[in-house]
Amino acid sequence: MTGRRAILRKAPIWRAILRTTPMRLTLRLALVFTLISIAGFGATWWLADREFREAVEETLEQRIESLAGAGDADAIARAVFDAARRTDGEHMILRYDRGALSIGNYRGPLPEGRLREALLEDDDNDVEGSYLLLTEQARGGLLTAGQEASALRNLREAFLQVLVFTLLPTILLAALGGVVMARRAARRSAAIDEALARLTGGDLSARVAQVPGPPDDLTRIGAGLDRLAAAQEASVSALKQVSADIAHDLKTPIQRLSVLLEQAAARAPEIAELDKARTEAEGIVATFHALLRIAQIEGGSPRARFAPVDLGALARTLAEVYEPAAEESGRRLALTLRDAAWVQGDRTLLGQVLANLIENALRHGAGPVELTVEGATITIADHGPGIPQAEREPVLRRLYRLDRSRSTPGNGLGLAMVDAVVKLHQGQLELHDNQPGLKVTVRLERGKPPASGVA
Ligand SMILES: Nc1ncnc2c1ncn2[C@@H]1O[C@H](COP(=O)(O)OP(=O)(O)O)[C@@H](O)[C@H]1O
Ligand SMILES: [Mg+2]
């Protein structure tokens, strides 16, 4: 559960933000806005550019027409000469080329073509820059008029600047807004994520409770999730109640049956089956008892009885209790205490945990059994066959036993009980490979010794 939450937090923050609905919407909108802006500006610029060119072209055409109307080639040459003298090359150039003859206020090279834009330079006539040129045939020569066209370039630059200066801030602001909204949304959905992680981790009491912020679709989803979890919790607890009820109702008649069998066995000792039947009935009673006890522990009721428990003293007691049994079967039970802590808990239940784990090590394991208490962590290790990785989780379920253990005494409730008690104490239960053997670790939370200093 905590691990899952840690994973949620570990994802890079920018990726988490990029993966939110508001951020994606913002980015898409910004893209659409950019495309529309570019298209709009492009179209406007294209229209303005065309308008300008047409206006210039008309001016140039008129100029050429009036010069060409001067008469024959010599008359045109004179007219161009006169007009060019009165015209500032910085704004307009005029030129007449006929064979080797070239007259006008621009002497530099001219590119081919009718209407074109070209970069011209002629220091003598103050010609420098971009010109829009129009050239027409006139009496065996070429008559050219050109107008300075930096306005055209200025127009282009102005459009580009407007585009950049309106678009960049807009995109930046949109992205910023998106990040802010995404962070808010992430904060809001974190409540739902967390509840989901806890629910899937098995904590059916987890609820979203409240999604921060004003009521909207997220709030509705949170409320829906809570209703679903409540329904799930209710049906699971109903199921548990039913099994507890069955165990409870059958316990008494089976207990009576066990007593009757005992009496019958005493009266007819020659019938060996009666004794076996009595042992079976006692096993069933023990199973029902354990089932009810686990249900009770899972109900959480004994938590009110929590008190400081000295783990070291508890382990010592249990080790003493099981030492004879271990020795009887030629095994050794070694106890190691390292800075054994006090924990807040139920002494009887914690003792049951130790008893179940030691019993398992003696019954299912082999070699010496090592019981260690280090701080608030208890470890019980043996050198038997262990439990394969795939079975370490199911083995915590009620009544689950490995196939090889079917013939050994027991009911498959020992580890389920351990799990329930550890959960009740909000500790962690881990099953590891002891290479060979099983190593069970129970991590509890360090508590304080009682104020009086006595257990
Ligand atoms: N120390 C151990 N070494 C090997 N297998 C074990 C050990 N402890 C438990 N197991 C396996 O886990 C199963 C479940 O254990 P448990 O819940 O205590 O039930 P029980 O001991 O009544 O069979 C056992 O039946 C056994 O197969
Ligand atoms: Mg057991």
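Note that the numbering runs from 1 along the sequence shown for the chain. Whatever order the structure lists ligands and atoms in, that order sets their numbers, starting from 1. Just so it is clear, the values below take in all heavy atoms, side chains as well, and ignore hydrogens, waters and symmetry mates.
- The residue from D419, L415, D403, V395 that puts a heavy atom closest to atom 17 (O) of ligand 1 is L415.
- In terms of polar-atom proximity, defined here as any N/O pair under 3.5 Å, G414 does make such a contact with ligand 1.
- Ranking protein heavy atoms by distance to atom 23 (O) of ligand 1, first place goes to R401 NE, 2.7 Å.
- With ring centers used as reference points, H425 lies under 6.0 Å from F306.
- Looking at heavy atoms from C-beta onward, L31 lies out of side-chain contact with L27 at the 4.5 angstrom threshold.
- Here R187 does not pair with E194 in a salt bridge; the nearest charged N to carboxylate O distance is not below 4.0 Å.
- We find that D275 and R278 are joined by a salt bridge, their nearest charged nitrogen and carboxylate oxygen being less than 4.0 Å apart.
- Under a 4.0 Å N-O distance rule, the pair D339/R446 qualifies as a salt bridge.
- For atom 6 (C) of ligand 1, the nearest non-hydrogen atom of the protein is H364 CB, 3.5 Å.
- In this structure, E57 does not pair ionically with R50, as no charged nitrogen and carboxylate oxygen lie closer than 4.0 Å.
- Of the protein's non-hydrogen atoms, N360 ND2, 2.8 Å is the one closest to atom 18 (O) of ligand 1.
- Between T287 and L413, some side-chain heavy-atom pair lies under the 4.5 Å cut-off.
- Annotation: atom 22 (O) of ligand 1 to nearest protein heavy atom, G412 N, 2.9 Å.
- Not a single heavy atom of N356 sits closer than 4.0 Å to an atom of ligand 1.
- Checked against a 3.5 angstrom limit, the closest N/O atoms of Y400 and ligand 1 fall outside it.
- For E233 and K240, the salt-bridge test fails: no basic side-chain N is under 4.0 Å from an acidic carboxylate O.
- Distance check for N356 against the Mg ion (ligand 2): none of its N/O/S atoms falls below 2.8 Å.
- From the protein, the heavy atom lying nearest to atom 10 (N) of ligand 1 is I387 CD1, 3.5 Å.
- Set against the non-hydrogen atoms of R404, the atoms of ligand 1 under 4.0 Å away are 4 (C), 5 (N).
- Residue contacts with ligand 1 include G386, since one of its heavy atoms falls under 4.0 Å from the ligand.
- Counting heavy atoms closer than 4.0 Å to ligand 1, residue E359 contributes nothing at all.
- The parts of L402 lying near ligand 1 are both backbone and side chain, judged by heavy-atom distances below 4.0 Å.
- At a 3.5 angstrom cut-off on N or O pairs, L438 does not count as close to ligand 1.
- Residues S150 and E148 have side chains that bring a donor and an acceptor to within less than 3.5 angstrom of each other.
- Residues H383 and E370 meet the side-chain proximity criterion, which asks for heavy atoms closer than 4.5 Å.
- Side-chain atoms of R363 do not come within 3.5 Å of backbone N or O of A361 as any donor-acceptor pair.
- For G410, no nitrogen or oxygen atom sits less than 3.5 Å from a nitrogen or oxygen atom of ligand 1, counting backbone and side chain alike.
- At the top of the distance list for atom 26 (C) of ligand 1, counting protein heavy atoms only, stands S405 OG, 3.3 Å.
- Of the heavy atoms in D382, only side-chain atoms (C-beta onward) come closer than 4.0 Å to ligand 1.
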